[in-house]
Amino acid sequence: MPMGSDRFSRFWLELKHRKTDRVLVVYAAAAFTIIQLVPTLQTALFLPDWTTTVVIIILAVGFPVSAILSWFYDISPGKIERTKPLNQVKSPPVQKELRRWKSATLISVLVIIILVLFNIISNSIEASEIRQTEKTIAVLPFENYSSDKELSDIGEVLESIIISELHKIGEFTVRQRSAVMEYRVNKKSNSEIARRLKVFFLVRGELSRTRNHILLSVDLISAKKDKVVWSDHFPFTGENDIYSEKINEIPVQIARNLLVNLTPEIKRKIRNKPTRSAAAYMNYVKGTNSQDDAHNAHELVSTGDSIFKDLTASANFNKAIEFYDKAIREDSTFALAYAKRSITRSWGCNTGHFTSDSDKIKCWNDAEKAMKLDGELTEGWIATGFYYYYFVQDFDKALEWFLKAGEKEPDNWESKYYPALVLRANGLWDQSQKLMRQVGKIKPQDALILTNIGLSYQYLHQYDTAIYYQDKAIEAMPRWTGPYNNKIESLIARYGNTVEAEAVMDTALIYTSGYGLQDLRINLDLYDGKFNEALFIAGYIEPSKFYDKGEREMLFAKIYTCLNNKNFAKQYYLSALEFYSKKYADNPKDFESLSLKGIAAAGLNDRLNAVKWGETAVNSCGKHVFRIADRSVDLAQIYVMVKEYDK
């Protein structure tokens with residue numbers, strides 16, 4: 001033991017003689033400093049994600065190299081010379097050498113302490129900022145730089161799963177998939193996207209394929225500083241692996257890095273699998289995506305009580321049903337798939353796509369099946385509520401089921417939003433608005449919610465409040481035409497002054513596709529007596545910009561009537577009558593088409609049929625106050641056109 005101790009003492013003296021100890025301490029302090037600075041420089045200089053890893057590897061390799069070089073060589077002013085062993089040189093005074101060692105050690109320790117404190121303080125400040133920042137998040141479309149279509153499809157599935165799981169965390173406000181879809185092709189900076197979406201955090205992903213794996217790289221970005229808060233890579237071997245715990249780890253990690261504590265109940269919800277079949281779940285998610293695509297926000301024009309009034313692309317409804325069919329074939333006990341298939345048919349009924357008796361039966365069977373498989377499934381209760389609301393139009397029954405869903409999940413915005421729609425349709429405005437305001441607090445930046453709140457105030461003739469909510473909806477989703485359309489109608493109803501309305505229209509035509517606004521645009525000119533200008537503009541508008549052919553034909557008929565060109569007006573009214581007659585024959589519950597058919601007949605001086613169809617449309621609306629109001633306006637127009645002014 002004494003011999004070993006003597007050897008260590010000689011080695012330690014040799015280490016100090018060659019100044020290797022100082023080199024190692026200084027190197028460690030410098031390395032620590034560099035590692036702390038790299039993330040800041042990486043963000044400022046837009047360096048790649050792997051920069052920190054490379055720097056750490058280089059510093060780790062440099063540590064033994066510097067130790068070896070300092071052992072053999074001594075650097076002095078003006079020269080580098082080989083270090084002689086301790087027994088070959090005259091030892092300096094011990095006290096002088098000791099003071100040098102103490103000074104070097106003290107300085108190094110102070111540097112390390114300062115850097116550690118700096119790191120702790122900066123991390124503490126950053127954590128405090130994250131805690132205080134509102135947890136608004138958008139999951140952007142995942143990048144796929146290859147031409148691999150399958151990889152893009154997988155990316156859409158992964159996006160939807162992550163969005164769905166993040167929605168389960170109450171502290172998060174997550175943008176809907178429809179709100180971010182434009183950024184699949186519309187490339188913008190992180191700060192610009194965050195500003196437009198009104199979020200503080202972005203989730204970006206990139207997919208690539210190796211020989212045996214699909215690799216998903218995920219970044220959580222703080223939009224304030226355009227800084228990566230968290231980053232990780234997730235390899236998947238196939239569809240079954242995608243439906244594993246790996247994907248559920250992403251929302252958990254996002255919550256952890258945003259300093260949100262997840263309760264065991266929330267973690268259980270995130271990790272809960274609605275089906276054991278990966279194939280069934282993949283098809284379910286694709287069905288949900290197709291349903292979302294059916295009411296793409298850039299083409300949706302919400303009017304009346306309808307959340308999905310003007311669904312274009314009915315093919316997407318069919319595609320959604322097909323995917324749900326596949327999911328159920330893979331797992332016949334998949335309660336959630338039955339519930340969503342039922343809801344899809346209800347929405348399709350509201351848009352005039354699923355209107356047959358067989359659709360009604362299928363909708364009920366799916367809702368009933370979902371409830372039998374899982375009596376506590378909230379979506380099953382919502383599906384039953386939709387069946388009564390859209391297919392049966394039994395508002396009391398619909399409200400009963402929606403409220404039941406709300407009791408089970410009081411923090412779920414849907415459980416308040418759907419009852420609000422039913423109460424509003426039933427004319428119970430105060431109760432409806434109370435729920436709508438609660439929904440607005442839960443989802444403050446959802447354009448669809450905001451524009452519907454505004455519509456309620458519009459129907460109550462509280463136009464200033466209606467305009468306020470339409471402005472909020474425009475702010476939340478500036479590329480969606482719906483809120484612009486609704487704001488213009490409120491402005492005209494409030495003052496009858498088209499100046500402000502035209503300014504809103506000009507803005508809408510800059511930022512949106514203009515879909516659904518063309519009829520209103522021409523009507524503004526007609527209100528102002530600019531008949532020739534209206535005709536000129538209408539002639540240059542592409543037919544695809546109108547909601548349908550009937551809208552365009554009626555518009556031209558109105559223009560030529562104002563120009564007193566009766567022959568041309570008659571031709572367009574005839575064409576409109578033919579169009580709406582066919583549309584009504586295809587769907588006898590489409591009372592809007594019946595009402596428009598009456599207006600076309602009035603334009604052709606067919607007084608008897610015009611009044612009959614208009615009155616039938618009003619009387620067929622049941623207790624639905626929104627539909628009654630809209631059809632009453634149409635009937636008023638018919639009475640004016642046939643000169644029955646008292647009516």
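Worth saying up front: this structure is predicted, and the values here are computed from it rather than measured.
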Inset, instruction - With side chain to side chain donor-acceptor pair (under 3.5 Å) as the test, would you mind laying out the steps for Ser191 and Ser189 before giving the verdict? - result: CA-CA 5 Å; Ser191 57; Ser189 67; 3.3 Å; yes
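- Both the sub-6.0 Å distance and the 45° axial angle are satisfied by Lys224 relative to the ring of Phe200.
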Inset, instruction - Could you walk me through whether Asp630 and Tyr459 pass side chain to side chain donor-acceptor pair (under 3.5 Å), step by step? - result: CA-CA 10 Å; Asp630 289 339; Tyr459 272 81; 2.7 Å; yes
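- A salt bridge does not link Lys434 with Asp430: every distance from a Lys NZ or Arg NE/NH1/NH2 to an Asp or Glu carboxylate oxygen is 4.0 Å or more.
- Taking 4.5 Å as the limit, every side-chain heavy atom of Leu140 sits out of range of all side-chain heavy atoms of Glu159.
- Distance alone, capped at 3.5 Å, places no donor-acceptor pair between the Thr173 side chain and the Thr136 backbone.
- Salt bridge annotation for Glu502-Arg521: absent, with no cationic side-chain nitrogen under 4.0 angstrom from a carboxylate oxygen.
- Across Val625 and Gly427, no two heavy atoms sit closer than the pair CG2-N, 3.7 Å.
- Looking only at atom types and distance, the side chain of Ser217 has no donor-acceptor partner in the side chain of Glu206 under 3.5 Å away.
- Smallest separation of non-hydrogen atoms from Met371 and Gly380: SD-C, 3.5 Å.
- Between Glu500 and Arg494 there is a salt bridge, since at least one side-chain N of the basic residue sits less than 4.0 Å from a carboxylate O of the acidic one.
- Taking the charged nitrogens against the carboxylate oxygens, Asp219 and Arg204 have no contact shorter than 4.0 Å, which rules out a salt bridge.
- For Asn452 and Tyr417, the side-chain atoms include at least one donor-acceptor pair closer than 3.5 Å.
- With sequence neighbours left out, Asn426 forms a side-chain hydrogen bond (donor to acceptor under 3.5 Å, both in side chains) with no residue at all.
- Pairing each heavy atom of Ser290 with each of Asn316, the nearest pair is O-CB, 3.6 Å.
- Between Lys340 and Glu379 no salt bridge is recorded (no basic side-chain N to carboxylate O distance below 4.0 Å).
- Of the possible donor and acceptor atoms, none in the side chain of Arg175 sits under 3.5 Å from a partner among the backbone N and O of Val139.
- Across Ile270 and Glu165, no two heavy atoms sit closer than the pair O-OE1, 2.9 Å.
- Looking at every heavy atom in both residues, Ala339 comes nearest to Ala383 through O-CB, 3.6 Å.
- Of all non-hydrogen atoms in Leu151 and Leu207, the two that sit nearest each other are O-CD1, 3.5 Å.
- Between the Ser160 side chain and the Glu156 main chain, a donor and an acceptor come within less than 3.5 Å of each other.
- Applying the side chain to side chain donor-acceptor pair (under 3.5 Å) test to every pair with at least one member in residues 247-263, sequence neighbours left out, gives these pairs: Asn248-Lys273, Glu249-Gln253.
- Defined by atom type and a distance below 3.5 Å, a donor-acceptor pair is present between the side-chain atoms of Gln470 and Thr451.
- The closest side-chain donor-acceptor pair between Tyr284 and Asn289, if any, does not fall under 3.5 angstrom.
- For Thr512 (side chain) and Ala508 (main-chain N/O), a donor-acceptor pair under 3.5 Å exists by modelled atom type.
- Between Lys404 and Glu400, none of the side-chain N atoms (NZ, or NE/NH1/NH2) sits under 4.0 Å from a carboxylate O, so this pair counts as no salt bridge.
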